[in-house]
Amino acid sequence: MTQTATVNYHVHKPERQAFELDAGGIVGNLISPELAPTQVTVFDERAVGVDATFDDASVGFTNYPTVVRSFDDSVDWRPAYDAELTELLKTEVAAQEVIIFDHTVRVDDPDADRKPARNVHSDYSLHGAKQRLVDILGEDRAADWSAGHYAFINVWRPVGATINSAPLGFILPESVADDDWILLDLIYPDRKGQIMGLAANDDHEWVYMSKMTPDDVAYFNIFDNRGRPSVAHSALDMVEDPTIHTIRKSIESRTLVRY
């Protein structure tokens, strides 16, 4: 089963491009480079019985309920959720060590501080991943991890209700050409990073899982120092059921794993 969705691809330019986050010191204020809205065909993994696997496609889906009922700041949910994600990644990708270093709750609302990311991207460049490793571990531990096999993996979960609009979509890495990637700067008020944007290509094969519930998760590779492909991803502008009007809410957790 397929759906049609709109995504925002990046555009090749001769000059270096950048996102500026919390621009002017205003939380949630985003200045974006040029994006190209494009209609794409998306294959539903639920309809085909979850064909994509982490081993083959660098993205996996599974049912993994959480004991956490609220991800707001009034409750200290992080220790319990971090423990769950650690077990998830040890089970699903055979990680030996897991560090969870960031959680981002996104709400598809104009007034939200963090909205769904509506640009086709992956979170780190090669330089950005190596720098993030040092930021998290320090130089000595980063050197130790670099001598072995490590990866950055994101885990995405719906919050509060079944996803009816703006689900998270993924491009199968085998359909992406090297020239599709575009290096982008990511400028924060206090630091600078790099991400990889993706330009449009008719060969791209998009997948998603329809009607993901808060008991479902997607986990996907961002960077792997032994060469596992990174997964380009984006919120998909589409609606499953136009009679349902729930607000899309999710939590994306960024992790560092050692194999």
dist H233:NE2 -> N119:CG (nearest 0.5 Å) comes out at 8.5 Å

| query | R157 side chain to S253 main-chain N or O, any donor-acceptor pair under 3.5 Å? | reply | no

Nearest heavy-atom contact between N221 and A151 is OD1-CB, 3.9 Å

In this structure, NE2 of H149 is separated from CD of Q96 (nearest 0.5 Å) by 11.5 Å

### Query
Less than 4.5 Å apart, any side-chain heavy atom of Q3 and any of D44?
no

Problem set entry | Lys/Arg-Asp/Glu bridge criterion (N-O < 4.0 Å) met for E240, R46 | no

Original post:
Cluster question for you: counting only ILVMFWY and a side-chain heavy-atom cut-off of under 4.5 Å, with indirect links fine, are V217 and I251 together?
Top reply: yes

Distance col, row L168:CG vs I163:CD1, nearest 0.5 angstrom, shows 9.0 Å

Would you say the side-chain atoms of E252 pair up with the backbone N or O of N154, donor to acceptor, closer than 3.5 Å? no

Minimum side-chain heavy-atom gap D123-L186 below 4.5 Å:
no

Note to self: Looking at D202, I'd like to know if its CG atom is crowded, meaning that more than 12 non-hydrogen atoms belonging to other residues, nucleotides or ligands lie closer than 6.0 Å.
What the structure shows: no

Is there a side-chain contact between L256 and L133 (heavy atoms, below 4.5 Å)?
-> yes

D178 atom CG: more than 12 heavy-atom contacts under 6.0 Å:
no

Check against ring pair (Phe, Tyr, Trp, His ring centres under 6.0 Å), H121 and F19: CA-CA 12 Å; H121 70 287; F19 280 98; 8.0 Å; no

Check your understanding: Parallel, tilted or perpendicular: which describes the rings of F101 and F152, with under 30° parallel and over 60° perpendicular?
Key -> perpendicular

Q | Side-chain donor/acceptor of D22 to backbone N/O of Y188, under 3.5 Å | A | no

- Message: Can you confirm whether D56 sits close enough to E174 that some side-chain heavy atom of one is under 4.5 Å from a side-chain heavy atom of the other?
- Response: no

Whether S230 side chain and I222 backbone form a donor-acceptor pair below 3.5 Å | yes

Discussion item. If hydrophobic clusters are built by linking Ile, Leu, Val, Met, Phe, Trp and Tyr wherever their side-chain heavy atoms come under 4.5 Å apart, do V7 and L184 end up in the same one?
Written reply: no

Is W206 close to V120 at the side-chain level, that is, under 4.5 Å between some pair of heavy atoms? yes

On a heavy-atom basis, the closest approach of V105 and R114 is O-CB, 3.5 Å

Could you tell me if the side chain of F220 sits less than 4.5 Å from the side chain of S58, heavy atoms only?
no

CD1 (I100) and CG (L88) are apart, to the nearest 0.5 Å, by 9.5 Å

I'd like to know whether CG of D55 has more than 12 heavy-atom contacts from other residues, nucleotides or ligands below 6.0 angstrom.
yes

N164 side chain to I244 main-chain N or O, any donor-acceptor pair under 3.5 Å?
yes

Applying side-chain hydrogen bond (donor to acceptor under 3.5 Å, both in side chains) to D113 and not counting sequence neighbours gives none

Residue set satisfying side-chain hydrogen bond (donor to acceptor under 3.5 Å, both in side chains) with T255, at least two apart, ordered chain then number -> none

In this structure, CG of D111 is separated from NZ of K115 (nearest 0.5 Å) by 7.5 Å

Under 3.5 Å: donor-acceptor pair, side chain of H12, backbone of D179: yes

Original post:
Are more than 12 heavy atoms from other residues, nucleotides or ligands located less than 6.0 Å from atom OH of Y64?
Top reply: yes

query: If we only count heavy atoms from C-beta on, is the V93 to Y219 side-chain gap below 4.5 Å?
result: yes

Note to self: Between Q194 and S125, is the side chain to side chain donor-acceptor pair (under 3.5 Å) condition met? List the steps.
What the structure shows: CA-CA 6 Å; Q194 292 179 342; S125 65; 2.6 Å; yes

Between the CH2 atom in W77 and the OG1 atom in T66, the distance rounded to the nearest 0.5 Å is 9.5 Å

Quiz item: Does any N or O in the side chain of D82 come within less than 3.5 Å of the main-chain N or O of P79, such that one atom is a donor and the other an acceptor?
Solution: no

Same apolar cluster: I171 and L236, side chain cutoff 4.5 Å: yes

Y9 and I195: same hydrophobic cluster, using ILVMFWY side-chain contacts below 4.5 Å?
-> no

### Query
Do I99 and W145 come within less than 4.5 Å of each other through their side chains, counting heavy atoms only?
yes

Practice prompt. Using atom types as modelled and distance alone, determine if a side-chain donor or acceptor of D180 lies under 3.5 Å from a backbone N or O of A177.
Written response: yes

Next on the checklist: I'd like to know if Y150 and I136 are part of one continuous hydrophobic network [Ile/Leu/Val/Met/Phe/Trp/Tyr, side-chain heavy atoms within less than 4.5 Å].
Outcome noted: yes

**OP:** Run the salt-bridge test on R248 and D108 with the 4.0 Å N-O cut-off and return the result as yes or no.
**Re:** no

Does any N or O in the side chain of E45 come within less than 3.5 Å of the main-chain N or O of A52, such that one atom is a donor and the other an acceptor?
-> yes

